[in-house]
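Note that the coordinates shown come from a computational prediction; the quantities given were computed from them, not determined experimentally. Letters go in sequence order (proteins before strands), and every chain restarts at 1.
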2 protein chains.
Amino acid sequence: MSDAAPSACCPPSDDRPDLRPIEGEEADQELAALAKAVGHPARVQILRLLARRASCVCGEIVDELPLAQSTVSQHLKVLKDAGLIRGEIDGPRTCYCIDNRALRRLKALVGGL
Amino acid sequence: MSDAAPSACCPPSDDRPDLRPIEGEEADQELAALAKAVGHPARVQILRLLARRASCVCGEIVDELPLAQSTVSQHLKVLKDAGLIRGEIDGPRTCYCIDNRALRRLKALVGGL
DNA sequence: AGGCTATATCGTTAAAATGCGATGAGCGAC
DNA sequence: GTCGCTCATCGCATTTTAACGATATAGCCT
């Protein structure tokens, strides 16, 4: 038992449209913050990993990257602080997944350039 | 001959499609580098300024930003090194404009996330 | 309880980014 | 030629990032 489909660790990631403007000072700050979070190869890899596996991973990420566990955890924190990913404690491990809302927002902001 | 209308300082910005892959290690590096360049509010503002005025500006940028001239020049250099903008010396001043090819590339890479 | 595993956090070090004033290089006007 | 304007670059101080090992925390299992 206890086989409670651990597949999706993250809530459905709401699909409501984002009404915030795509330009202006706030948008600039937002875009800069998001882009900064993406502005590191390791973090891009992490995003790709999370995107590939629709489901979310945890320490698998550490295995995929040539970095120490603490370093990966740090990168995960940066991405989480930026809002691009979400983490949920699932038993002894933590399950991360992409925040599609934030990712859409990033795409919209970049698209608006 | 060489009757280059001084209005547009930048060459037509070629429209050929970009055939490079949107994923993979190289793409990761590329996206990280581009995102890093965008990852600063002042640089986002500069990009917006250059996008708004279809034509290109130079020291006007300094007037728009609350930063010293040397600092703005530094940011311009970062953007130029990343390939996102191009600069052309036009008499005593330098004329910057967006490199649409690189910008498109950035959008494609972000869109591929 | 005690041990195990998986993550997060701390402390440190080295490197890079940010910002500025001062200096230098290039061009046009006089 | 020299002056003045525009911009790039240098040098410096401060802050932030990146990386790691070591340590703490939290949940499972026996």
### Residues forming a salt bridge (charged side-chain N to carboxylate O under 4.0 Å, His left out) with A:E88, sequence neighbours excluded
none
Hey, what are the protein-to-nucleotides 21-23 of chain D N/O distances that come in under 3.5 Å?
unit_1: D:dG21; atom_1: N7; unit_2: A:S70; atom_2: OG; d: 3.2
unit_1: D:dG21; atom_1: O6; unit_2: A:S70; atom_2: OG; d: 3.3

### Query
How long is the line joining NZ of A:K77 and C1' of C:dT7, in whole Å?
13 Å
### Query
With a 4.0 Å cut-off on heavy atoms, is A:I89 in touch with a base, just the backbone sugar-phosphate, or nothing at all?
nothing
### Message
A side-chain contact here means heavy atoms from C-beta on lying under 4.5 Å apart; do A:R104 and A:L109 qualify?
### Response
no
### Query
Over how many whole Å does the gap from B:L76 atom CG to C:dT18 atom P extend?
13 Å
## Note on the structure
To the nearest 0.5 Å, atom CG of A:D28 lies from atom CD1 of B:I46 at 11.0 Å
### Query
Do A:L50 and A:L103 share a hydrophobic cluster (ILVMFWY, side-chain heavy atoms under 4.5 Å, transitive)?
yes
### Task
Determine which pairs satisfy salt bridge (charged side-chain N to carboxylate O under 4.0 Å, His left out) with at least one residue from residues 36-47 of chain B, sequence neighbours left out, and list them in order.
none
### Task
Take the protein atom CG of B:D63 and the nucleotide atom C1' of D:dT6, then report the distance between them rounded to whole Å.
12 Å
### Task
Would you mind reading off the distance between B:D90 atom CG and D:dA8 atom C1', rounded to a whole angstrom?
16 Å
### Task
For B:I98 and B:L84, run side chain to side chain contact (heavy atoms under 4.5 Å, CB included): C-alpha distance rounded to whole Å, both residues' side-chain angles, the deciding distance at 0.1 Å, then the answer.
CA-CA 6 Å; B:I98 290 197; B:L84 282 167; over 6 Å; no
### Query
Phosphate oxygens OP1/OP2 of D:dA19: is one of them under 4.0 Å from a side-chain N or O of A:H75?
yes
### Query
Whole-Å distance between D:dA18 C1' and A:I46 CD1?
13 Å
### Query
Are B:L79 and B:V72 in one and the same hydrophobic cluster, where Ile, Leu, Val, Met, Phe, Trp and Tyr link if side-chain heavy atoms are under 4.5 Å apart?
yes
### Query
How far apart are the closest heavy atoms of A:V62 and A:Q69, and which atoms are they?
CG1-CA, 4.1 Å
Atom pairs under 3.5 Å: protein N/O with N/O of nucleotides 11-13 of chain C:
none

#### Entry: Distance in angstrom units between B:E88 CD and D:dA8 C1', rounded
17 Å
### Query
Side chains of A:Q45 and A:H40: does their closest heavy-atom pair fall under 4.5 Å?
no
### Task
Write down the distance between CG (A:L65) and P (D:dA19), rounded to a whole number of angstrom.
10 Å
### Message
Return whichever of A:Q74 or B:S73 has its heavy-atom-nearest nucleotide of DNA chain D closer to the 5' end.
### Response
B:S73
### Task
Inspect the contact between B:R101 and B:D99 and indicate whether a charged nitrogen and a carboxylate oxygen are less than 4.0 angstrom apart.
no
Using a cut-off of under 3.5 Å, enumerate the N/O to N/O pairs linking the protein to nucleotides 2-6 of chain C.
none

### Message
Does this structure show an ion pair linking B:R105 with B:E30, if we count only N-O contacts that are shorter than 4.0 Å?
### Response
yes
### Query
For residues 33-45 of chain A, which residues have at least one heavy atom under 4.0 Å from DNA chain D?
A:K36, A:H40, A:R43
### Along DNA chain D (nearest heavy atom to each residue), the more 5'-positioned of A:P66 and A:G91
A:P66
